[in-house]
Amino acid sequence: MRELKQLSPPTVLAGVFILSALPFLAVELFPSRLYRVMDTASYLVFHNAAEFFSIMVSLSIFGIGWYTYEQSTDRHALFLSSAFFAIGLIDFMHAMGYAGMPAFITPNSANKSTQFWIAARCISAAAFFGSAYIYRDGPGRWLSKPILMTTALVISGTTFVAITFFPSHLPATFIEGVGLTPFKKISEYLIIGLLLLAMAAYWKRMSTTGDTLLIYYLAAFILCIFSELVFAIYKSVFDTYNVLGHVYKVAAFFLIYKGIFAASVMAPYVRLVDASERLMTDVIELKRAEEDKSKMEAQLRQAQKMEAVGQLSGGIAHDFNNILTAIIGYGHLLLMKMAKDDPLRVNVAQILEAADRAAILTHSLLAFSRNQIINVKPVAINGLISKVEAFLRRIIGEDIELRTVLSGREHVVMVDSGQIEQALVNLATNARDAMPKGGVLTIETMLIEIDSGFVQSHGYGVPGSYVIVSVSDTGTGIDEETRKKIFDPFFTTKEQGKGTGLGLSMVYGIIKQHGGYINVYSELERGATFKIYLPIATIPAEEKRMTEEADETEGGSETILVAEDDAALRKLFGDVLEEFGYTVITAADGQEAITRFNANRDKIRLCILDLIMPIKGGGEVYDEIRTMNPDIGVIFASGYTADKIYKEGILTEGPEIILKPVSPTDLLKKVRQVLDGKPNS
């Protein structure tokens, strides 16, 4: 049977009305053929079958509403089911009181049976009308199970006693040889009126609450109305009207059963399924949230660890660079003064080479900590890769094939070309080591739009346009445990003495300092892919400007003030400058530098100031001497990281800066450039 609630209520009710009216109209139009359809014996069988089926349906309605109440808590269904318990009992009395059935207590009669019928129909109509005002979760202490059961038993018991033992005291409903009494007909019409009121109440309730399950009851009421109508006009129990009345009744009871079943069983089941689905969804969402939380916590710990190491590397840079500056400076001075055929030059060269490696280590640490000064310019990324391609081929060797898959459109990024080239060299070197038997190294570029979904799923990034530089190899791959630590400083899978472990950490620092992101995808024996995300620039790329620098180091005769709190470096700078003809005035702190400058302001042409000094720092000294001589040349020297320099607010557009460790040659070139007023190179 098609679910009535799937159709619109007016359509359902119109359809039920038409289907109910068709057999009634057929009898009215063809009474001679359809009027009498059964004999006494056949009708008795039909009547008993119809009544006992309706009794079973009534008791089923009672069972469903009564025993599912604890789960459904539907007071409306509980009320109707209790009423149908009484209706079923009275219908049983009606069936047993019919003439031809065994007389257990008093003689059976058509009048007695009809009286039971009228009683059952009146009770059902009253119950239908009353149930329209009883809501599923509405108030009503009197709707408890004990009260309803007691009421049903009292009504059915009182009806049984009154009609069984005192039928003559009640209005007659059927007279042998005459037929239905006026009381019976009037009662049927009153029942029909009560059913119409019930329909109106249910329709209003359905329109107000939107409860489409009520359509079952409205359809049942239409069938009940037709049932009562034919029982008001039938002439003989053997005619078609009587048969139709019982068919209408059985169909109506079945629809009531459907409505009770839907409200008491199906609705709680649907709510249970919905609750289970919501619970499952909540569990999945909770699990996903916990996974995301764990992922974010791991990323936060990683970022904090990287930041801590960066702070550590920046903290040691100052002292370490001062030491290296002294070693490199005096080493170069010693080398300059030695004859070209001096056998000890080899030893000095070894010292300088070791110092250079230490300087590279320091710069690697600074790159990792993202504190190294970078000179960013708009650069065409495809052109940069094409430029470094030949150099990479020499690094990886002949047994590894280098493929470049560049996007068809050139994309411009704001980067320090040298730093990005260094990152690509480091990645290529690691890829080469991962492919000892040869393989393929692929560098690919493409444009990508990072949105909020990407940021949420990956845990990093800012929405916008990026160029991806993908470096892939077909090597041995990286396991999960190694992949988690691959960007850590000093972490390496190579044998002792084969590397410092700063290659990938340096790449990480370079990319982060450029405002980009890097991640790695890899599995054992499946190679590795490093993806670099660089934000797109909004200005065109610059053409590379070639500059010519003199190979010969030039000296001079100017007077230079050197303010440096480290005694060894102060002496080194003085020795180097004096060696090349300059006159040097030294100061051990900022206050002494101001005093010496004030005393020699007419002589001093250039000041070399350490940024961080006792009493007064280089920035304060710079401000005061500029008030005395706005045209004085100034060079800042520092072993601190760029991060600290910028935070102190010392590095501005005006002064030049040299970062320790600095070689004598670089120092002399920078001095000559400033004294000659040449642009910064």
Side-chain angles (χ1 to χ4, degrees), residues 306 309-310 313 359-396 400 402-407 411-434 441-446 448 460-461 466-473 475 478 483 485-492 494 499-522 528-537 541 544 641-642:
M306 303 291 259
V309 175
S313 64
I360 293 172
L361 177 62
T362 304
H363 287 304
S364 297
L365 283 172
L366 292 176
F368 165 74
S369 64
R370 307 190 300 280
N371 289 325
Q372 182 149 296
I373 292 178
I374 58 175
N375 183 24
V376 296
K377 295 179 181 179
V379 175
I381 192 67
N382 288 350
L384 185 150
I385 293 173
S386 298
K387 172 189 170 185
V388 77
E389 183 177 351
F391 181 67
L392 294 180
R393 292 186 187 278
R394 291 196 297 270
I395 290 177
I396 61 177
I400 296 176
L402 176 61
R403 298 175 183 172
T404 55
V405 183
L406 306 180
S407 61
H411 304 291
V412 178
V413 291
M414 292 293 295
V415 297
D416 183 321
S417 297
Q419 293 287 321
I420 298 301
E421 289 173 7
Q422 182 64 53
L424 292 174
V425 168
N426 287 3
L427 290 175
T429 302
N430 278 275
R432 177 199 63 195
D433 296 341
L441 175 64
T442 304
I443 300 178
E444 182 179 0
T445 62
M446 67 182 68
I448 186 175
Y460 62 81
Y466 289 76
V467 169
I468 293 182
V469 180
S470 176
V471 181
S472 304
D473 64 65
I478 308 168
R483 191 171 62 83
K485 301 181 288 186
I486 199 165
F487 295 116
D488 290 3
F490 303 109
F491 175 78
T492 180
K494 299 176 183 178
T500 63
L502 285 171
L504 291 178
S505 63
M506 184 176 181
V507 173
Y508 177 88
I510 289 172
I511 301 306
K512 294 297 287 185
Q513 195 172 9
H514 283 84
Y517 311 96
I518 182 171
N519 54 29
V520 57
Y521 304 88
S522 182
T529 298
F530 289 83
K531 289 188 176 182
I532 298 172
Y533 297 79
L534 296 172
I536 290 289
K544 184 171 181 62
T641 64

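No hydrogens, no waters, no symmetry mates; every other heavy atom, side chains included, goes into these values.
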Among all residues two or more places apart in sequence or in another chain, which pass the side chain to side chain contact (heavy atoms under 4.5 Å, CB included) test with A528?
D473, I478, S522, F530
Please identify each residue that fulfils side chain to side chain contact (heavy atoms under 4.5 Å, CB included) with I448, with sequence neighbours left out.
Y466, I468, Y533
From CG (L427) to OG1 (T529), nearest 0.5 Å:
11.0 Å
Compare all side-chain heavy atoms of R432 with those of T429 and state whether any distance is below 4.5 angstrom.
yes
Closest approach of M414 and A537, non-hydrogen atoms and distance?
CG-CB, 3.6 Å
Quick one, L424 and L384 - any side-chain contact, counting heavy atoms below 4.5 Å?
yes
Side-chain touch L392/V425, heavy atoms, less than 4.5 angstrom
yes
I want to check something: taking the side chain as every heavy atom from C-beta on, are I532 and I420 in contact at a cut-off of under 4.5 Å?
no
CD-CG distance between E444 and L406, expressed to the nearest 0.5 angstrom:
9.0 Å
Side-chain touch S407/N382, heavy atoms, less than 4.5 angstrom:
yes
Please find the pair of heavy atoms, one from I396 and one from I400, that lie closest to each other, and give the distance.
O-CD1, 3.6 Å
What are the two closest heavy atoms between V412 and P378, and how far apart are they?
CG1-CB, 3.7 Å
Looking only at heavy atoms, what is the nearest atom pair of A428 and L441, with distance?
CB-CD2, 4.0 Å
E421: which residues meet the salt bridge (Lys or Arg N to Asp or Glu O under 4.0 Å) condition with it, sequence neighbours left out?
K387
So which atom in V415 and which in H514 form the shortest heavy-atom distance, rounded to 0.1 Å?
CA-CD2, 3.3 Å
Which residues pass the salt bridge (Lys or Arg N to Asp or Glu O under 4.0 Å) test with R394, not counting sequence neighbours?
none
Mind checking what makes side-chain hydrogen bond (donor to acceptor under 3.5 Å, both in side chains) contact with T404, not counting sequence neighbours?
none
Out of curiosity, L534 CG to I511 CD1, how far, rounded to the nearest 0.5 Å?
5.0 Å
V413 and P535: which non-hydrogen atoms are nearest, and at how many Å?
CG1-O, 3.5 Å
